[in-house]
There are 2 protein chains.
Amino acid sequence: MDLSEPTRPYHHGDLKAALVAEAEIILERDGIQALTLRAAARAAGVSHAAPANHFGDLTGLLSELAAVGFRRFSAMLEAARTSGEARPAGAKGMGHAYVRFARTYPNLFALMFRGERLDFGRPALREALDEAAAMLRSGTAAPEGRPVPPLQAAAQAAARWSLVHGFAMLLLDGRLAGMLASLPAGEGVDDLLDAVLAVTRIGD
Amino acid sequence: MDLSEPTRPYHHGDLKAALVAEAEIILERDGIQALTLRAAARAAGVSHAAPANHFGDLTGLLSELAAVGFRRFSAMLEAARTSGEARPAGAKGMGHAYVRFARTYPNLFALMFRGERLDFGRPALREALDEAAAMLRSGTAAPEGRPVPPLQAAAQAAARWSLVHGFAMLLLDGRLAGMLASLPAGEGVDDLLDAVLAVTRIGD
DNA sequence: GCTCTATATTGACAGTGACAATATTGACGC
DNA sequence: GCGTCAATATTGTCACTGTCAATATAGAGC
């Protein structure tokens, strides 16, 4: 009789996807410093060197994970842009979606915008990034009819992106905690963001 | 005769400052991942465990280095706020100083705003941070006379900080490269930032 | 069924943070 | 001058990591 564990097959079957999935769990639960090739391998139940076959090195794994993040990011922005039911549509709705993504997946968001650990040469990441960039552009498109000088158009787009991105980054890093505490009772992050978008005329 | 190197004293004398100085060199030259306790010790010519006496762990060293960064940051912002010679003073000048600091010390700036690696319980870091926060507040103070609702005041401050911080972050990560390339010949980062501050009425 | 190749394992190596044990030195009281 | 103590630095060690080489296994196509 065989008392040993039911032997898992030598080949996993879909190890790449499994590793990326485990990597995201580790990332959000334990932080970026705990996301190692060996930790992902352990979580997936394979040997420590198995991930190298699919990602090469740690940068490869992080890049694939970032690609997953950018695809999800695009989907959330797209949903915000088209359906303006609960939230206002357009640039304002996308701003809220941007910050909501960052708050929902804080560590993933940080990884996505930490270029030093990513390899943009990877096709999966490049494609996901291009898709997200197109999505962002669609939210900052210049209104038709009136031609706008290139500098003004670029400034409008850069301002919207910078404002929302900076808000998300400062919020995640706890830098806005004091400001939020000084708000009237009942007012929270969403209200502050609303007001921020209003004073900078981002919704126009 | 003694052919050996002139023996360095057993005690360094000012190892803490030397380690922080070497750490900054390593950080800006080789990146954050190359900044290790042992690398700093090697650069300072001491044993691998010597830094522990002054910083405890790696987080301690990074926090002290971040504190140095915040003090320098405050000084640059202060200079921009008071002397509006080459650059406009006030919020607009401070915005430019903010981005200039980030471009001058990109890796240090990234470290300063990566809270996960820092220990804000360290007095040096906390004090430097408080000083920088006060400096930033001075640039976003509400105009006197007319009382402003708390949400609007907070939004004004958060908007200015978010805008400039996001611009710096996206710029350092190369995310604005495409936008900058699309600018008319002769226009650069400073011009784009000027236009960004203008369209959001930050200079008001 | 045979071969080729993708996939996974084992084993090794250098580098790292952290800790314990030890050595050296300077400060301070006498 | 001298003795004691605390601060500072060294050596040695451990577990963990990324990466590589060598090897084992199994699936795909013929």
Side-chain angles (χ1 to χ4, degrees), chain A residues 4-23 26-27 29-66 111 114 116-119 121-124, chain B residues 4-23 26-27 29-66 111 114 116-119 121-124:
Chain A
S4 64
E5 296 282 324
T7 54
R8 275 172 289 95
Y10 192 94
H11 287 92
H12 180 284
D14 195 11
L15 182 54
K16 186 170 182 177
L19 285 170
V20 172
E22 297 292 346
I26 295 168
L27 175 64
R29 186 190 53 206
D30 306 323
I32 180 79
Q33 77 290 346
L35 177 48
T36 66
L37 281 175
R38 291 168 107 108
R42 274 194 299 273
V46 294
S47 76
H48 65 89
N53 290 302
H54 300 279
F55 307 107
D57 55 10
L58 179 59
T59 298
L61 172 58
L62 298 182
S63 300
E64 295 288 330
L65 183 52
L111 172 66
R114 190 170 309 179
E116 86 221 23
R117 307 280 311 193
L118 304 179
D119 175 10
R122 294 214 151 222
Chain B
S4 65
E5 295 282 327
T7 54
R8 276 171 287 95
Y10 191 94
H11 286 95
H12 181 283
D14 194 11
L15 182 54
K16 186 170 181 178
L19 285 170
V20 172
E22 297 291 347
I26 295 169
L27 174 66
R29 186 190 53 206
D30 306 324
I32 180 76
Q33 77 289 346
L35 177 48
T36 66
L37 281 175
R38 294 168 105 105
R42 275 193 300 272
V46 295
S47 77
H48 62 88
N53 289 300
H54 300 279
F55 307 107
D57 55 9
L58 180 58
T59 297
L61 173 58
L62 297 182
S63 300
E64 294 290 329
L65 184 51
L111 173 66
R114 190 169 311 177
E116 86 220 24
R117 308 280 311 198
L118 304 179
D119 175 10
R122 294 214 150 222

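Every chain is numbered from 1, with letters handed out A, B, ... down the list of sequences.
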### Task
Give a yes or no answer on whether the side chain of Arg122(A) reaches the backbone of Phe55(A) with a donor-acceptor pair at less than 3.5 Å.
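Checked: pair present.
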
### Message
Strictly distance-based, threshold 3.5 Å: is any side-chain N or O of Ser63(B) a donor or acceptor partner for the main-chain N or O of Asp119(B)?
### Response
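Here the side-chain-to-backbone pair exists.
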
Please state how far atom [atom1] in [X] lies from atom [atom2] in [N], giving the value in whole angstrom units.
| X | N | atom1 | atom2 | answer |
| --- | --- | --- | --- | --- |
| Asp14(B) | dG26(C) | CG | P | 15 Å |
| Leu61(A) | dG18(D) | CG | C1' | 12 Å |
| Ile26(B) | dG15(C) | CD1 | C1' | 14 Å |
| Leu15(B) | dA7(D) | CG | C1' | 12 Å |
| Leu37(A) | dC16(D) | CG | C1' | 13 Å |
| Asp57(B) | dC16(D) | CG | C1' | 16 Å |
| His48(A) | dT23(D) | NE2 | P | 16 Å |
| Phe55(B) | dA18(C) | CZ | P | 13 Å |

### Query
If you find the nucleotide of DNA chain D closest to Asn53(B) and the one closest to Ala34(A), which residue's nucleotide is nearer the 5' end?
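Its nearest nucleotide being more 5', the pick is Asn53(B).
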
### Query
Do other residues, nucleotides or ligands put more than 12 heavy atoms under 6.0 Å from the CZ atom of Arg117(B)?
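12 or below, so no.
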
Between [X] and [N], is there a side-chain N or O to OP1/OP2 distance below 4.0 Å?
| X | N | result |
| --- | --- | --- |
| Arg42(B) | dT16(C) | yes |
| His54(A) | dA8(C) | yes |
| Thr36(A) | dT17(D) | yes |

### Message
Taking atom types as they are modelled, would you say the side chain of Arg38(A) forms a donor-acceptor pair with the base of dG18(D) within the 3.5 Å cutoff?
### Response
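When only heavy-atom distances are counted, Arg38(A) does reach the base of dG18(D) through a donor-acceptor pair under 3.5 Å.
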
### Task
Looking only at side-chain atoms of Leu58(A), point me to the closest of dA18(C), dT10(C), dG18(D).
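Nearest to the side-chain atoms of Leu58(A), counting from C-beta on, is dG18(D).
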
### Query
Which atom pair, heavy atoms only, marks the closest approach of Leu35(A) to Leu27(A)?
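The pair with the smallest heavy-atom distance is CD2-CB, 4.0 Å.
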
### Atom of Ala23(B), atom of Leu61(B) and distance for their closest heavy-atom approach
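Answer, listing the atom of Ala23(B) first, then Leu61(B): CB-CD1, 4.1 Å.
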
